[in-house]
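These numbers come from a predicted model, not from an experiment.
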Amino acid sequence: MSKIAILTDSNSGISMRKAKAYGVNVIPMPFNINGVEYLEGVDLSHNEFFRLQQDGAKIFTSQPSPASVMEMWDKLLEENDYVIHIPMAGNLSSSMATAVAMSADYDGRVIVVDNQRVSMSQKQAVLEAKMLADEGKSATEISQILTYHKDDASIYITVDDLKYLKAGGRINAATAAVGSVLNIKPILSFEEEGEICTPAKVRGRKLVEKKLLQLVEEKMNLEENR
């Protein structure tokens, strides 16, 4: 049976400590905050990130450097036959395309899987990959299974303040200004094709909670009736 290492990035929400417990590996995502680069989970905790964000810090994200990714692959391949690499969804980060291009030089020993996941759904894919590897599935089989089930997860989120969506280019300045005045809160959905869409916009937090539950219920009913 081939030895297979499972690798993801910190967008999965898997910390370095939890990665060790799960038996998987994590590449920290870099953040530029007020001109200083930090690595998520290494020299920047989640609590510190949110504190800086609330304090109005200028925050930019970027992908892990190609050198750091290949260094991780090389290290894992010293003790494993294959690496299954599960980055965040390709439509949300260029790290996916970069990893796919670099993997061409590894003669099939590095398999990059774009199952269009992020956050908790990405974490679930990582844990599923680890379980399949422990069951004796081949690297190719794991990749095929993850890809087949890529649309089996949905995420719905909302935000209290539109300024971060504006800063990230998700909405324009005019939309952000009007939305803030009218207390409009968009509900964002991350589903098929790895893209973020806006299935609903509501006014006030109470209506947001009600609408979120409604959307989840509709999604569950749709899945049950397939």
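Counting only heavy atoms from C-beta outward, the side chains of Pro64 and Pro28 never approach each other to under 4.5 Å.
Contacts classified as ring-ring contact (aromatic ring centres under 6.0 Å, His included) and involving residues 80-99 (residues at least two apart or in different chains) are given here: Trp73-His85.
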May I have the step-by-step check of side chain to side chain contact (heavy atoms under 4.5 Å, CB included) for Val110 and Leu77, ending in yes or no?
-> CA-CA 9 Å; Val110 175; Leu77 288 173; 4.0 Å; yes
Given Glu128 and Ile145, is the side chain to side chain contact (heavy atoms under 4.5 Å, CB included) satisfied, shown in steps?
-> CA-CA 9 Å; Glu128 181 178 359; Ile145 292 171; 3.7 Å; yes
Stepwise side chain to side chain contact (heavy atoms under 4.5 Å, CB included) test for Asn115 and His149 = CA-CA 8 Å; Asn115 67 336; His149 289 289; over 6 Å; no
Pair Leu132-Glu141, side chain to side chain contact (heavy atoms under 4.5 Å, CB included): steps then yes or no = CA-CA 9 Å; Leu132 293 170; Glu141 288 174 319; over 6 Å; no
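Val69 and Ile14 end up in different hydrophobic clusters when Ile, Leu, Val, Met, Phe, Trp and Tyr side chains are linked at under 4.5 Å. Ile27 and Leu76 fall within the same hydrophobic cluster, defined by Ile, Leu, Val, Met, Phe, Trp and Tyr side-chain heavy atoms under 4.5 Å apart, directly or through other members. Tyr148 and Leu146 fall into different hydrophobic clusters, defined by Ile, Leu, Val, Met, Phe, Trp and Tyr side-chain heavy atoms under 4.5 Å apart, directly or through other members. Under the 4.5 Å side-chain heavy-atom criterion for ILVMFWY residues, a single connected hydrophobic cluster contains both Leu44 and Ile59. Tracing side-chain contacts under 4.5 Å through hydrophobic residues (I, L, V, M, F, W, Y), one never reaches Val26 starting from Met72; they form parts of separate clusters.
Rounded to the nearest 0.5 Å, atoms NZ (Lys20) and OG (Ser15) are 12.0 Å apart. The distance from atom CD of Gln122 to atom OG of Ser10, rounded to the nearest 0.5 Å, is 8.5 Å. How far NZ of Lys75 is from CG of Asn80: 11.5 Å, rounded to the nearest 0.5 Å. Annotation: the span from Ile4 atom CD1 to Ile111 atom CD1 amounts to 7.5 Å, rounded to 0.5 Å. Once rounded to the nearest 0.5 Å, the distance linking CD of Glu40 with OG of Ser45 reads 10.0 Å. Put simply, CE on Met88 and OG on Ser94 are 9.5 Å apart, with the number rounded to the nearest 0.5 Å.
No side-chain donor-acceptor contact under 3.5 Å links Arg117 to the backbone of Ser12. A side-chain donor-acceptor contact under 3.5 Å links Asp9 to the backbone of Asn11. Side-chain atoms of Arg109 come within 3.5 Å of backbone atoms of Asp81 as a donor-acceptor pair (strictly under, hydrogens ignored). The backbone N or O of Glu79 sits less than 3.5 Å from a side-chain atom of Lys3, completing a donor-acceptor pair. Put simply, the side chain of Thr147 gets close to the backbone of Ser143: a donor and an acceptor are under 3.5 Å apart.
In terms of the ring pair (Phe, Tyr, Trp, His ring centres under 6.0 Å) criterion, Tyr22 has no residue partners (sequence neighbours excluded). Residues meeting the side-chain hydrogen bond (donor to acceptor under 3.5 Å, both in side chains) test with Ser65, sequence neighbours left out: Ser68. Applying the salt bridge (charged side-chain N to carboxylate O under 4.0 Å, His left out) test to Glu48 and every residue at least two apart in sequence or in another chain returns Arg51. In this structure Phe49 satisfies the ring pair (Phe, Tyr, Trp, His ring centres under 6.0 Å) test together with Phe31, sequence neighbours excluded. Looking at residues two or more places apart in sequence or on another chain, you find no side-chain hydrogen bond (donor to acceptor under 3.5 Å, both in side chains) involving Gln144.
Atom CD of Glu135 has more than 12 neighbouring heavy atoms from other residues, nucleotides or ligands inside a 6.0 Å radius. Counted within 6.0 Å of CE on Met16, heavy atoms from surrounding residues, nucleotides or ligands total more than 12; the atom is thus considered enclosed.
When every heavy atom of Pro66 is checked against every heavy atom of Thr98, the shortest pair comes out as CG-CG2, 4.2 Å. Residue Ile86 comes nearest to Ala129 through the heavy atom pair CD1-CB, 3.9 Å, listed as atom of the first residue, atom of the second, then distance. Closest non-hydrogen pair, Met102 versus Tyr106, comes out as O-CD1, 3.5 Å. Counting all heavy atoms, side chain and backbone alike, Gln63 lies closest to Ser95 at OE1-CA, 3.3 Å.
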